[in-house]
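Below: one structure, written as structure tokens.
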Amino acid sequence: MSSWIRFRLKSTKAAGRAINMLKRTCTCGELTKSDVGREVALNGWVDAYRDFGGLVFIDLRDRFGITQVVFEPSAGAELQARARELRAEYVVGVRGTVAERLPGKENPNLATGQIELRAAELVVFNESVTPPFEIQGPEPNEELRLTYRYLDLRRPSVQRVFLLRHRMLQSMRNSMSDMGFVEVETPMLGRSTPEGARDFLVPSRVHAGRFYALPQSPQLYKQILMVAGYDRYFQIARCFRDEDLRANRQPEFTQLDVEMSFVEDEDVIATMERLVVALAKEFTGEELNLPLPRYAYHDVVERYGSDRPDLRYDLELKDLADLAAASEFQVFRQAIDSGKRVRGFRVPGGGSKLSRKDLDQLTEYAGSLGAKGLVWLRVEESTFAGPAAKFLPAPLQTQFRERFDAKQGDLLLIVADTQAVTNQVLSALRSRVAADLKLYDPSKFHYSWIIRFPLLAWDAEEGRYAAEHHPFTMPLPEDLHLLDTDPAKVRAQAYDLVINGEEAGGGTIRCHDPKIQAKIFSLLGLTPEQAEEKFGFLLGALRHGAPPHGGIALGFDRWVMLYAGLENIRDCIAFPKTARGTDLMTGAPGTVDARQMRELKLRFLES
RNA sequence: GGGGAUGUAGCUCAAUUGGUUAGAGCACCGGCCUGUCACGCCGGAGGUUACGGGUUCGAGCCCCGCCAUCCUCGCCA
């Protein structure tokens with residue numbers, strides 16, 4: 001039994017007894033044979049009732065477990081009659097004696113299956129209308145689960161997730177504190193800053209026409225805390241981004257936000273690895289070897305088509321430019337001639353395991369991601385099979401074989417297109433094929449760091465560079481000279497933690513050198529005046545004695561999702577939003593009345 | 001904003017090529033039952049097939065529109 005219940009039981013003993021209150025002495029998950037003979041009281045929800053006329057059984061449920069209660073004739077006709085009225089999800093208190101079950105009547109599926117509670121007193125705290133779905137029944141559809149979230153959250157399989165989330169939160173907080181980090185809260189009502197995602201805005205009543213913005217992350221505050229000398233900061237921070245949602249993306253989410261002073265990237269990475277090792281051990285039982293593998297951004301994009309590759313399986317991409325150029329196959333030739341790329345990967349055993357229909361579906365999938373086609377080649381004893389095979393003469397087929405180290409029964413998947421499209425399509429195909437063919441153990445985890453991201457990315461639409469991470473990132477020292485000559489080649493002191501192909505977190509060493517910062521601003525198309533206007537408070541802080549500093553933010557929800565074995569981030573957020581940002585339980589976002597609008601001096605424009 | 005999937009009883013699902021009165025299990029209601037634990041047995045009620053149009057002798061099924069949920073591209077670390 002958890003200690004807080006014992007504490008409450010003691011502390012309330014002397015308090016005045018409310019009428020009809022029957023306080024529990026135990027939870028529904030803890031009674032065993034050693035409790036036989038005790039008089040106890042349980043509180044909980046009716047999970048199931050079985051009425052035999054002369055004998056009534058109730059399964060009583062709370063978050064600790066289920067205990068069978070039996071109402072025998074000897075308890076009195078009146079008590080039995082009232083027990084017979086109980087229905088699913090009624091909330092009751094039962095007092096009685098713990099009894100050993102009759103021989104042969106034990107239930108091995110219940111932790112409490114050796115005993116039952118012989119009821120002597122029953123209090124119905126509350127009845128329940130018939131629930132829209134059964135708490136222990138088949139999984140209702142998600143729309144219904146979110147509408148009746150209070151019932152969904154009552155389901156044991158869901159409670160398991162939130163108990164895990166709680167324990168991970170506690171463990172993380174303790175680890176950070178033990179490593180000397182100070183937890184500081186930063187504001188939710190802040191100032192809108194450019195760059196990054198769209199802000200959620202909150203209108204100011206006092207200052208009509210002005211708005212607060214909910215934080216996309218505590219980024220600027222945590223840097224200011226470093227200037228203020230807090231040295232090691234962390235926060236379990238709620239962040240808000242008003243962008244379209246995905247299976248792993250919610251408009252408000254929780255991140256472990258970290259910042260450290262007097263550090264280089266190695267220090268941040270090493271510190272986070274200690275945390276990852278501790279959590280992995282506690283919640284997955286796995287002992288990780290340190291350091292975790294690290295890959296340079298350019299290498300993983302080349303080898304896997306993604307900056308967050310799922311490395312639980314191999315399926316490494318190969319470049320085929322030279323072979324494609326030597327072929328007569330128009331799809332390949334045209335791609336090469338127009339400066340595009342031809343790349344692909346080998347699926348071990350895929351030639352025999354994937355049917356023609358599977359391959360057609362993969363082709364369709366590739367098309368939906370922007371590819372004009374998908375070249376597939378089944379590797380046979382000495383030849384290739386597939387629509388494109390006839391365009392590849394035997395000597396070239398041999399070279400393909402060697403390039404992929406292909407064996408009979410394998411499958412080659414090849415895409416000819418731009419760098420961006422081949423990346424996108426091939427990385428998506430990698431994960432889909434790996435999942436379809438079960439090329440990895442879904443209960444295992446793969447952790448890696450992706451490092452040396454580009455500092456800047458060219459934004460064709462805006463005609464300027466945009467910060468790849470954020471505008472206060474420090475370039476790699478050896479790339480500093482490229483800021484003037486070839487800014488796109490400058491690599492950043494940036495690092496992402498990737499778990500199973502999910503971006504679990506990312507961070508950078510910050511730029512505390514005003515000269516370098518000024519240069520970056522100018523590349524971003526910001527004049528000193530504009531930079532001052534937008535980030536003045538941070539720049540001001542950086543001029544008042546800023547230590548070298550850097551940090552990271554880990555996506556906590558995604559981490560819980562992975563460790564809970566979930567495929568959807570909503571399932572580890574107690575009250576999540578739908579993909580369109582609504583809350584089906586509360587109806588948010590809702591309208592507000594005219595008086596609130598007037599107070600804020602806002603008017604709704606019909607679109 | 002684009003692409004895709006789904007929507008049938010309270011829930012989970014079925015319903016041949018467009019063809020009789022849209023079915024099953026669970027839940028619900030009534031009855032019986034002293035050892036069940038997915039209790040069992042008997043009986044009952046429950047449907048605007050998301051919604052709005054259309055085609056057809058006839059639509060759950062085909063067409064158009066629309067709403068909701070999910071996945072995804074764009075977007076977003």
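Proteins come first, then strands; the chains are lettered A, B, ... in the order of their sequence lines, and each starts at number 1. Note: hydrogens, waters and symmetry copies are ignored here, and every other heavy atom, side chains too, is used.
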Quick check on [N]: is either OP1 or OP2 less than 4.0 Å from any side-chain nitrogen or oxygen of [X]?
X: A/Arg249; N: B/rA77; value: no
X: A/Lys105; N: B/rC37; value: no
X: A/Asn568; N: B/rC71; value: yes
X: A/Ser74; N: B/rU34; value: no
X: A/Arg580; N: B/rA68; value: yes
X: A/Gln219; N: B/rA77; value: no
X: A/Thr130; N: B/rG10; value: no
X: A/Arg145; N: B/rC70; value: no

Take atom CG of A/Leu245 and atom P of B/rC73, then tell me their distance rounded to the nearest Å.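 After rounding, the reported distance stands at 13 Å.
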Using whole Å, what does the distance between atom P of nucleotide B/rC76 and atom CZ of A/Arg246 come to? 11 Å
Taking the six-membered ring of A/Tyr49, is the NZ or CZ of A/Arg87 close enough (under 6.0 Å from the centre) and on axis enough (within 45°)? yes
Ring-face cation of A/Arg241 near A/Phe200 (centre distance under 6.0 Å, axis angle within 45°):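 Not satisfied by the 6.0 Å and 45° rule.
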Under a 3.5 Å limit for both distances, which nucleotide forms a Watson-Crick or G-U wobble pair with B/rU6, could you say?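 For B/rU6, the partner nucleotide comes out as B/rA68, under the 3.5 Å rule.
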Does a distance-only test, which skips hydrogens and angles, find a donor-acceptor pair under 3.5 Å between the side chain of A/Asn141 and the base of B/rG7? no
Which is true for A/Ser368 with a 4.0 Å heavy-atom rule: it touches a base, it touches only sugar-phosphate, or it touches nothing?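 It contacts nothing in the nucleic acid.
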Over all strands shown, is A/His470 touching base, sugar-phosphate only, or nothing at heavy-atom distances under 4.0 angstrom? nothing
Pairwise C1' distance, B/rG58 and B/rU21 [rounded to whole Å]: 15 Å
With nearest nucleotide decided by heavy atoms, which residue, A/Phe57 or A/Leu369, maps closer to the 5′ end of RNA chain B? A/Phe57
